[in-house]
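When a ligand or atom number is given, it counts from 1 through the structure's own listing order. We count residues from 1, following the sequence as given.
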Amino acid sequence: MQFKSITKTFGAEIVGLDPGKPLSAEDQETLRAALRQYNLLLVRGVDLDPTQQSQFSTVIGPTAPLPPGPPPEAPGIMYVSNTRDDGILPNGELAFHQDCLFDVEPLRVLMLYGVEIPGSGGGTKFRSCMDIYSQLDDALRAKAESVRCLHLFDFESVAVKPPTDGAAAWDADLADQKYSPFSLETASPNSPRTWQPLIWRNPADCEPVVWCNHSTTVAFEGIDYEGGHALLGEIMDRAEAVEEYLHEWRPGDLLLWNNLTLQHARTPFDRNEKRSLRRTMIM
Ligand SMILES: O=C(O)CCC(=O)C(=O)O
Ligand SMILES: [Fe+2]
């Protein structure tokens with residue numbers, strides 16, 4: 001295996017790995033160490049069926065329980081898709097976010113595999129939450145350090161619920177915006193929510209990591225809503241300055257990343273073009 005860096009601070013393309021074949025114990029450890037080092041790994045042009053992707057995912061860790069639905073093609077397999085009835089997030093732009101910050105133990109790693117790819121648009125963008133921290137000046141760091149944020153995801157809200165006339169006609173309302181589409185006051189009582197530190201320390205290396213976004217951050221401890229959003233807005237403005245990686249998908253691309261340390265987003269695409277990514281969530 002060889003690793004070619006993608007940006008100055010994160011990401012590597014792996015050459016010489018067939019993720020569809022069983023890996024030696026040594027190669028498995030090399031892969032886990034590379035994910036710790038680079039936070040994002042890419043393998044291009046690989047043939048991978050659902051069973052192989054499921055097995056490859058377990059090299060990194062156990063796959064997370066799936067949302068309720070029909071039995072998956074293989075353990076842990078689901079789809080981001082506008083061509084499948086069981087696909088999530090079928091259409092629309094997605095603002096930068098981390099998945100499941102609303103869970104006490106947020107998802108550690110996400111993996112996507114390119115199945116159907118639009119002719120243009122629909123890329124997945126990444127940026128480093130450590131890089132975002134490095135953009136904050138001392139005053140902003142001091143302000144952010146002591147704050148906890150409430151993250152909430154209202155799965156029952158109009159923002160995420162496909163209309164009854166079919167998922168293909170639906171855009172998730174999670175595009176770039178200055179406020180979360182969810183509100184603490186109106187959210188369903190069943191929606192998952194958790195207080196998280198605004199600056200999370202990664203136990204692996206004690207690095208400070210910024211944990212906030214315009215999609216799921218809905219309240220701030222000890223600060224009123226307007227004040228909290230002003231702070232969030234200031235941090236997000238600084239985040240604009242960090243290096244991004246835009247992944248332009250081709251069928252057969254396999255991408256996995258550390259969801260605790262990188263934010264991801266999706267660029268717009270034509271809803272009439274087919275887009276399916278096979279996805280696993282890894283704990
Ligand atoms: O469709 C994409 O590019 C990313 C979707 C996403 O946010 C996710 O799978 O968590
Ligand atoms: Fe996501």
Checklist entry - Which heavy atom of the protein is the closest neighbour of atom 5 (C) of ligand 1, given with residue, atom name and distance? => result Leu94 CD1, 3.8 Å
Item to check | Closest protein heavy atom (residue, atom, distance) for atom 9 (O) of ligand 1 | outcome: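 Ranking protein heavy atoms by distance from atom 9 (O) of ligand 1, first comes Arg279 NE, 2.8 Å.
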Next on the checklist: If the test is side chain to side chain contact (heavy atoms under 4.5 Å, CB included), which one of Asp18, Leu254, Val43, Val46 qualifies with Phe56?
Outcome noted: Leu254
Next on the checklist: As a test of understanding, state which of Leu35, Asn259, Thr63, Leu41 forms a side chain to side chain contact (heavy atoms under 4.5 Å, CB included) with Val109.
Outcome noted: Leu35
Item to check | Ring centers of His229, Phe220 separated by less than 6.0 Å | outcome: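 Under 6.0 Å, so yes.
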Next on the checklist: Suppose we call two aromatic rings close when their centres sit under 6.0 Å apart. Are Tyr245 and His247 close by that rule?
Outcome noted: yes
Item to check | Verify same cluster id: Ile132, Trp200 (apolar side-chain graph, 4.5 Å) | outcome: no
Next on the checklist: Using heavy-atom distances only, which candidate in His97, His264, Arg275 approaches atom 2 (C) of ligand 1 most closely?
Outcome noted: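 Answer by nearest heavy atom: Arg275.
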Item to check | Nearest candidate to atom 4 (C) of ligand 1, where distance is taken over non-hydrogen atoms, out of Leu174, Leu112, Leu110 | outcome: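 Looking at heavy atoms only, the winner is Leu112.
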Checklist entry - How does Ile88 reach ligand 1, if at all, at less than 4.0 Å between non-hydrogen atoms: by side chain, backbone, both, or neither? => result neither
Item to check | Phe102 six-ring centre to Arg193 NZ/CZ under 6.0 Å and within 45° of normal | outcome: no
Can you list the ligand 1 atoms lying under 4.0 Å from a non-hydrogen atom of [X]?
X      : result
Asp99  : 10 (O)
Thr124 : 2 (C), 3 (O)
Val80  : 1 (O), 9 (O)

Next on the checklist: Counting only heavy atoms not in Asp237 (residues, nucleotides, ligands), do more than 12 fall under 6.0 Å from its CG?
Outcome noted: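 Atom CG in Asp237 is crowded, with more than 12 foreign heavy atoms closer than 6.0 Å.
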Next on the checklist: For residues 98-112, which residue pairs pass the side chain to side chain donor-acceptor pair (under 3.5 Å) check, not counting sequence neighbours?
Outcome noted: His97-Asp99, Asp99-His264, Asp99-Arg279
Checklist entry - Are Thr51 and Ser54 linked by a side-chain donor-acceptor pair shorter than 3.5 Å? => result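 Looking only at side-chain atoms, Ser54 and Thr51 do not form any donor-acceptor pair under 3.5 Å.
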Checklist entry - Gln53 side chain to Arg278 main-chain N or O, any donor-acceptor pair under 3.5 Å? => result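 Indeed, once roles are kept as given, a pair shorter than 3.5 Å links the two residues.
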Checklist entry - Which N, O or S atoms belonging to the protein are less than 2.8 Å from the Fe ion (ligand 2)? => result His97 NE2, Asp99 OD1, His264 NE2
